[in-house]
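Heads up: the structure comes next, in structure tokens.
Indexing begins at 1, ligand by ligand and atom by atom, following the structure's order. Each residue takes its place number in the sequence, starting with 1. Keep in mind it's a predicted model, so treat the numbers as computed, not measured.
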Amino acid sequence: MIRLSDYAGISPKSDLQLISRLAERLSSKRFLHINSTKSGGGVAEILSRMTPLLSGLGLNVRWEVIRGDQRFFTITKKIHNSLQGLPEDFTDDMWGYHSAINEENAKTLDLDADVTFVHDPQPVPLIRFRHGGLWIWRCHIDVSNPVESVWDRVSAYAGKYDAAIFSVAKFAKRMPIDEFIITPTIDPLSEKNRDLTGPEVDEVAARFKIPRDKPILLQVSRFDRFKDPNGVIRAYRMVKKYNDCRLVLAGSSATDDPEGDAVTEEVKGFADGDPDIHILLLPTFSDRDINALQRMAAVVLQKSLKEGFGLTVTEAMWKGRPVIGGNVGGIPTQIINGINGFLVNSEEGAAFRVRQILNNHDMAKSIGENARQYVRNHFLITRQIRDYLFVWYAMLNKGSAVMEL
Ligand code: UDP
């Protein structure tokens with residue numbers, strides 16, 4: 001059982017107070033989240049923590065999942081890709097199937113709620129079957145530069161909602177309905193982010209055969225070219241001429257990415273047997289190992305060339321690490337250059353910042369402290385819950401001139 005009080009002393013007190021107050025105000029209302037999976041991915045992870053927390057606060061919250069077959073999910077994956085700008089082939093039949101599967105789900109799902117929160121494009125057609133209450137579309141992906149014909153289809157549904165929520169302002173699309181920006185967050189009490197003891201971190205280092213004899217540079221990422229693993233290796237080589245160090249590249253080749261294995265092989269080849277480069281292929285459930293790797297690193301890199309929000313940045317900042325991030329996607333929303341981390345636009349820039357951090361312990365420490373504080377104030381799950389409750393409350397009170405809390 002997760003309780004709000006578990007976050008006391010971790011999350012900002014004002015967020016916890018506001019959540020309690022909003023929960024009191026909303027206690028008579030029924031809320032419903034709908035997405036397309038109970039496990040896997042950030043959306044399910046957040047919902048699995050958020051739903052019991054809100055129930056514990058006396059809110060009537062349900063979480064339903066739409067069901068579909070392989071054909072449905074192949075179509076929705078193509079929709080997902082095209083909304084992020086990758087052209088895919090579509091036929092009218094495919095759009096018909098997307099709608100028909102949602103229609104079947106609408107017959108079995110209990111859609112009775114005061115506020116219904118529909119996540120991402122898979123269940124977006126459910127709006128056709130609304131029979132009351134407010135409906136909000138929560139878009140977790142970057143739709144700023146979509147294949148227009150696909151956005152037209154999706155927005156024909158999304159535009160019928162009462163409001164839309166996007167993760168970062170620059171990922172949003174102008175829509176004829178109310179729009180809100182709510183960034184993703186991490187859960188400080190999850191296995192990936194909870195505090196670890198020294199021996200727990202040491203055990204992971206020993207298991208992965210990473211000696212702790214010199215500073216460790218780390219990037220945790222799917223093996224994907226947009227995460228620029230070879231660029232990280234080049235930056236490490238520039239650093240290595242002056243500062244002895246190790247590089248750990250930890251990740252998996254995502255199962256839904258056919259290029260993953262090829263990129264992994266490419267990176268291994270590029271590392272060229274360097275004994276100070278550790279390429280770790282992590283199985284799916286490696287949260288505690290990722291937590292420990294982030295805690296043992298002297299510098300964390302996320303040198304992406306294209307990025308969503310970049311949760312690995314948030315995770316490492318929360319652990320007080322100095323993070324060097326590519327100046328793309330949601331990374332500049334998190335890193336204030338030179339204050340709580342560094343933003344870079346090149347391999348040379350990354351190498352320069354790594355050396356600066358390795359050569360200046362006091363600066364590294366203060367950057368790391370600022371990073372943790374920034375995440376505490378902006379990117380913990382309690383802030384996301386606060387914002388969701390606030391949007392629900394604001395939408396339900398839209399008619400009133402003054403909103404009292
Ligand atoms: N992650 C993981 N295993 C891996 C690589 C990454 O569990 O092998 C996690 C990582 O800790 C983070 C998430 O997957 O929580 C990646 O999110 P991010 O926004 O950084 O990038 P994405 O993979 O969504 O592009």
### Query
What residue and heavy atom of the protein are closest to atom 17 (O) of ligand 1, and at what distance?
Leu311 CB, 3.9 Å

### Short side-chain to backbone donor-acceptor contact, Trp63 and Ile34, under 3.5 Å
no

### Query
Would you say atom 13 (C) of ligand 1 touches the protein, meaning some protein heavy atom is under 4.0 Å from it?
no

### Query
Would you say Arg194 has more than 12 foreign heavy atoms packed within less than 6.0 Å of its CZ?
yes

### Message
Within a 6.0 Å radius of atom CD on Gln70, are there more than 12 heavy atoms belonging to other residues, nucleotides or ligands?
### Response
no

### Task
Determine if the distance from atom 24 (O) of ligand 1 to the closest protein heavy atom is below 4.0 Å.
no

### Query
Above 12 or not: heavy atoms from other molecules or residues under 6.0 Å from NZ of Lys365?
no

### Contacting atoms of ligand 1, where contact means under 4.0 angstrom from a heavy atom of Glu315
10 (C), 11 (O), 12 (C), 15 (O)

### Query
What atoms of ligand 1 come within less than 4.0 Å of a heavy atom belonging to Lys192?
7 (O), 9 (C), 10 (C), 11 (O), 12 (C), 15 (O)

### Query
Is the closest N or O pair between Arg222 and ligand 1 shorter than 3.5 Å?
yes

### Summary
So for Lys227 against ligand 1, with non-hydrogen atoms under 4.0 Å, the contacting part is side chain

### Query
Distance under 6.0 Å and angle within 45° of the ring axis: does Arg355 meet both against Phe342?
no

### Message
Would Arg71 and Tyr97 count as a cation-pi pair here, with the cationic atom under 6.0 angstrom from the ring centre and within 45° of the axis?
### Response
yes

### Message
Any nitrogen or oxygen of Gln294 lying under 3.5 Å from a nitrogen or oxygen in ligand 1? Just yes or no.
### Response
no

### Thr382, Asp187, Asp15 screened by side-chain hydrogen bond (donor to acceptor under 3.5 Å, both in side chains) with Tyr7, the one that passes
Asp187

### Message
Can you name the atoms of ligand 1, numbered from 1 with element, that are less than 4.0 Å from a heavy atom of Glu307?
### Response
21 (O), 25 (O)

### Task
Report yes if Phe309 has an N/O atom closer than 3.5 Å to an N/O atom of ligand 1; otherwise report no.
no

#### Entry: Nearest protein heavy atom with distance in Å, relative to atom 16 (C) of ligand 1
Thr312 CG2, 4.3 Å

### Summary
So the atoms of ligand 1 within less than 4.0 Å of a heavy atom of Gly310 turn out to be 19 (O), 20 (O)

### Query
Looking at ligand 1, does any of its N/O atoms fall within less than 3.5 Å of an N/O of Ser221?
no

### Task
Could you tell me whether Ile290 approaches ligand 1 through its side chain, its backbone, both or neither, with non-hydrogen atoms closer than 4.0 Å?
side chain

### Message
Can you tell me how the ring of Tyr157 sits relative to the ring of His98, calling it parallel under 30°, perpendicular over 60° and tilted otherwise?
### Response
perpendicular

### Task
May I ask you to decide if the ring planes of Tyr388 and His33 are parallel, tilted or perpendicular, using 30° and 60° as cut-offs?
tilted

#### Entry: atom 6 (C) of ligand 1 - nearest protein heavy atom and its distance
Val220 CG1, 4.0 Å

### Message
Are there over 12 heavy-atom neighbours, none belonging to Phe270, within less than 6.0 Å of that residue's CZ?
### Response
yes

### Message
Taking distance alone, with N or O pairs closer than 3.5 Å, would you say Ser252 contacts ligand 1?
### Response
yes

